[in-house]
There are 2 protein chains.
Amino acid sequence: MKQSDIDDILINPDQYLRNVLVDNVIFGYHNKELKVLLQQPIALDKWTVTGGYIKKTESIEEAANRIAYSRTGLKNLFFQQFRAFGNPTRSIDGSKNAKNFTKLSGIEVPDDLWIFDYFVSVGFYTLTEFSMVKIEKGVYEAECQWWPIDDLPALMFDHEHIISEALKALRLHIAHYPIGYELLSEKFTLPEIHSLYETILGKPLDDRNFAKRLMATGIIVKLNETKRIGAHRSPFLYRFDKEKYNEGLENGAALAF
Amino acid sequence: MKQSDIDDILINPDQYLRNVLVDNVIFGYHNKELKVLLQQPIALDKWTVTGGYIKKTESIEEAANRIAYSRTGLKNLFFQQFRAFGNPTRSIDGSKNAKNFTKLSGIEVPDDLWIFDYFVSVGFYTLTEFSMVKIEKGVYEAECQWWPIDDLPALMFDHEHIISEALKALRLHIAHYPIGYELLSEKFTLPEIHSLYETILGKPLDDRNFAKRLMATGIIVKLNETKRIGAHRSPFLYRFDKEKYNEGLENGAALAF
DNA sequence: TGAATAGTGTCTTTAAGACAGTATATC
DNA sequence: GATATACTGTCTTAAAGACACTATTCA
């Protein structure tokens with residue numbers, strides 16, 4: 001749990017559910033790079049994924065969305081619940097006992113204050129195109145920035161585990177459902193979507209087989225336009241067939257890479 | 001939330017996490033039938049899946065196990081988290097406001113008591129062989145019994161949805177990982193495991209292709225014994241190769257039915 | 001015409017799916 | 001020998017995977 005959240009829930013304890021929160025692993029893709037949005041609470045040297053408490057009036061999905069919106073300024077991002085984390089070690093941390101809390105905040109609190117009990121975290125991941133994001137850090141965050149998924153800073157609690165589980169879930173998802181609508185421009189080239197899949201999966205995919213299979217699903221449509229990319233052959237542009245895409249999200253699209 | 005749980009958490013509020021609980025959908029298999037263990041709290045006419053609060057000293061997995069043990073008397077059952085449920089409508093229910101609560105229990109409580117806020121439910125499912133289970137109903141349950149999955153009684157809250165999501169998760173699991181170790185005798189016949197798969201998936205599977213594929217995974221081993229089943233040809237007995245089975249649980253076993 | 005990237009077709013191998021007749025045990 | 005169940009092999013079709021050359025653009 002982050003210092004800022006402790007403050008927030010102390011100031012407005014009545015509007016939040018207790019002992020349960022949402023952690024939302026925000027993945028950002030841009031130009032063959034996959035990154036994750038992390039924040040560093042003031043007065044702590046470790047980083048956390050974005051997360052927050054759940055209001056009594058909202059669902060866990062709404063909470064995950066609200067958190068993503070508050071950091072990225074974007075709505076209608078693709079997001080997905082992947083699993084919940086909950087065990088007593090989630091509270092064994094320097095910030096999670098009364099003495100340390102008082103030292104950090106100057107506020108005196110009883111030893112058995114309920115916020116020192118562990119919190120069950122419901123994990124979501126969210127996908128976004130990171131060049132479109134104007135990061136808005138929270139008032140209690142010293143920093144909020146993108147980190148490459150294979151070069152993460154020191155993370156609080158089990159957040160490294162949460163990120164790796166989120167990535168595992170994302171890679172499983174990509175093998176069964178279409179992906180990319182929120183990550184590419186409306187019109188995109190075959191090499192662009194090819195790179196997206198390679199980057200998320202972290203492995204090369206044969207370009208001929210990739211194009212063959214992707215076209216076979218019908219979720220993308222070739223346009224009669226090309227994109228000029230300089231001193232090279234101009235690639236054709238494609239767009240998603242939103243109907244087929246949504247159908248794929250519902251029923252699965254056979255793209256088992 | 002069940003009446004019994006409300007009592008329990010009122011009597012011992014300090015040992016449990018607040019606003020979060022575990023619901024454990026216990027599936028029972030026996031003789032070509034798949035059932036789910038449901039309980040009916042005293043003074044209510046609707047049924048619920050088994051569930052309970054999470055102690056501050058235990059993980060959500062330990063809580064799910066404790067619940068399964070308390071109802072079935074069995075340990076080391078196969079269980080799996082599938083997803084969390086949380087939205088404000090989870091608290092709109094006859095038992096979830098102060099007036100009704102007082103009417104049912106005779107205990108006066110304030111209108112804004114925290115237990116009337118909604119609870120996030122972390123959903124697990126558990127598999128067991130139901131002829132081995134001696135059902136132990138909780139002190140606050142009027143009934144606790146097996147129900148066929150395609151003939152359920154009226155269920156509280158979103159519990160029908162929880163069961164259908166659990167079943168969906170189980171069927172997804174069975175397509176990617178081995179299953180059955182906890183559901184069959186140590187030695188079993190091909191027709192027995194064939195029926196198990198057909199029952200869980202709810203559809204017929206070609207017997208020749210099933211045997212071919214199952215043997216190809218190496219997770220079962222043919223023994224040099226047969227089982228006498230009366231006036232018919234005696235089927236051979238098989239057992240699981242526990243090493244291959246566990247490896248399949250870790251890395252997946254290609255059995256995409 | 002050289003450099004960089006786009007785009008595409010064929011063959012092989014493997015897996016999935018459909019399908020039916022023989023073998024065995026007991027009465 | 002009648003009956004009920006166990007057991008298994010082949011063919012067809014579809015998908016996956018490996019693989020390399022031609023086309024375009026522009027400097």
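The sequence lines fix the lettering, A, B, ..., with proteins before strands; numbering per chain opens at 1.
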J.: Give me the atom names and distance for the closest heavy-atom approach of A/A84 to B/I60.
T.: O-CD1, 3.7 Å
J.: What string of B, S and - do you get for nucleotides 22-27 of chain C, 5' to 3', when a contact is any protein heavy atom under 4.0 Å?
T.: -BBBS-
J.: Output the single nucleotide from C/dT5, D/dT8, D/dC19 whose closest atom is nearest the side chain of A/D206.
T.: D/dC19
J.: The side chain of B/P235 lies closest to which of these nucleotides: D/dA6, C/dT5, D/dC19?
T.: D/dA6
J.: For A/K212 and for A/P191, locate the closest nucleotide of DNA chain C by heavy-atom distance; then report the residue assigned to the nucleotide nearer the 5' terminus.
T.: A/P191
J.: Just to confirm, is there a sub-4.0 Å distance from OP1 or OP2 of D/dT8 to any side-chain nitrogen or oxygen of B/K222?
T.: yes
J.: B/K32 has an atom NZ; how far is it from atom C1' of D/dT5, in whole Å?
T.: 10 Å
J.: Look at the side chain of A/R208 and decide which nucleotide, out of D/dA18, C/dT8, D/dA16, has an atom nearest to it.
T.: C/dT8
J.: Which comes earlier along DNA chain C counting from the 5' end, the contact point of B/N209 or that of A/E192, where each point is its nearest nucleotide?
T.: A/E192
J.: Once you round it to whole Å, what is the distance between C1' of C/dA6 and NZ of A/K227?
T.: 13 Å
J.: Whether the side chain of A/K137 engages the backbone of A/A142 through a donor-acceptor N/O pair (distance < 3.5 Å, no angle test) should be reported.
T.: yes
J.: Over how many whole Å does the gap from A/H194 atom NE2 to C/dT5 atom C1' extend?
T.: 13 Å
J.: Less than 4.0 angstrom from a charged side-chain N to a carboxylate O is my criterion; do A/K168 and A/E165 meet it?
T.: yes
